[in-house]
Amino acid sequence: MTDEITGGVGTVEGLATVPGSGLAQILVRDDDGELHVFPCDAGPTLRALSNLSPSLRRGASVRVRLSQGVRVRYALDHLGLLATLSLDDEGA
């Protein structure tokens with residue numbers, strides 16, 4: 001097993017959660033137009049989205065809606081789970 005971490009840059013398209021489970025999937029579209037769906041923990045991902053911008057510091061459903069279209073950098077752990085999420089400072 002390896003601890004290799006992979007990642008990329010893309011635009012947030014949405015977040016699908018399973019209420020009460022703590023599980024979610026974040027949808028990110030890369031610069032080639034390909035949509036990626038990454039499994040993640042709902043709580044930490046919602047907190048990461050709220051840290052992207054002060055305008056995203058609202059209720060969870062509003063936060064997800066406002067985060068759509070935000071360019072982000074992401075990293076995945078060796079299992080393919082979302083490990084980090086941050087603003088893409090370099091833009092497209």
Side-chain angles (χ1 to χ4, degrees):
M1 179 163 49
T2 177
D3 285 335
E4 178 182 335
I5 295 179
T6 60
V9 178
T11 303
V12 174
E13 295 284 324
L15 182 74
T17 62
V18 179
S21 73
L23 304 175
Q25 294 179 321
I26 190 166
L27 291 73
V28 179
R29 188 170 304 277
D30 67 19
D31 291 339
D32 294 328
E34 185 175 346
L35 184 64
H36 300 275
V37 179
F38 303 121
C40 55
D41 288 326
T45 303
L46 286 168
R47 285 190 293 280
L49 289 173
S50 71
N51 289 330
L52 294 178
S53 168
S55 67
L56 300 179
R57 294 186 182 147
R58 305 230 169 98
S61 62
V62 173
R63 194 176 315 147
V64 171
R65 191 172 62 250
L66 289 174
S67 67
Q68 292 173 336
V70 173
R71 289 206 35 92
V72 295
R73 290 187 170 278
Y74 59 88
L76 308 175
D77 68 12
H78 65 283
L79 296 174
L81 300 173
L82 185 69
T84 63
L85 186 68
S86 61
L87 278 178
D88 176 27
D89 294 334
E90 298 176 18

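In this chain, numbering begins with 1 at the start of the sequence shown. What you see below is based on every heavy atom in this structure, not just the backbone, and it leaves out hydrogens, waters and symmetry mates.
To the nearest 0.5 Å, the span separating CG on Asp31 from CZ on Arg71 amounts to 4.5 Å. To the nearest 0.5 Å, the span separating SG on Cys40 from CG on Asp77 amounts to 11.0 Å.
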Output side-chain donor-acceptor pairs under 3.5 Å for residues 8-27, partner residues at least two apart or in another chain, one line each.
unit_1: Ser21; atom_1: OG; unit_2: Val18; atom_2: O; d: 2.7
unit_1: Ser21; atom_1: OG; unit_2: Leu23; atom_2: N; d: 3.0

Can you give me every donor-acceptor pair (side chain of residues 32-39, partner residue at least two apart or in another chain, under 3.5 Å) with its distance?
unit_1: His36; atom_1: NE2; unit_2: Asp30; atom_2: OD2; d: 2.9

Run Leu82 and Leu76 through side chain to side chain contact (heavy atoms under 4.5 Å, CB included) and show every step you take.
CA-CA 5 Å; Leu82 185 69; Leu76 308 175; 4.3 Å; yes
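Residue Arg73 forms a side-chain contact (heavy atoms from CB on, under 4.5 Å) with just one option from Asp88, Leu87, Thr84, and that option is Asp88.
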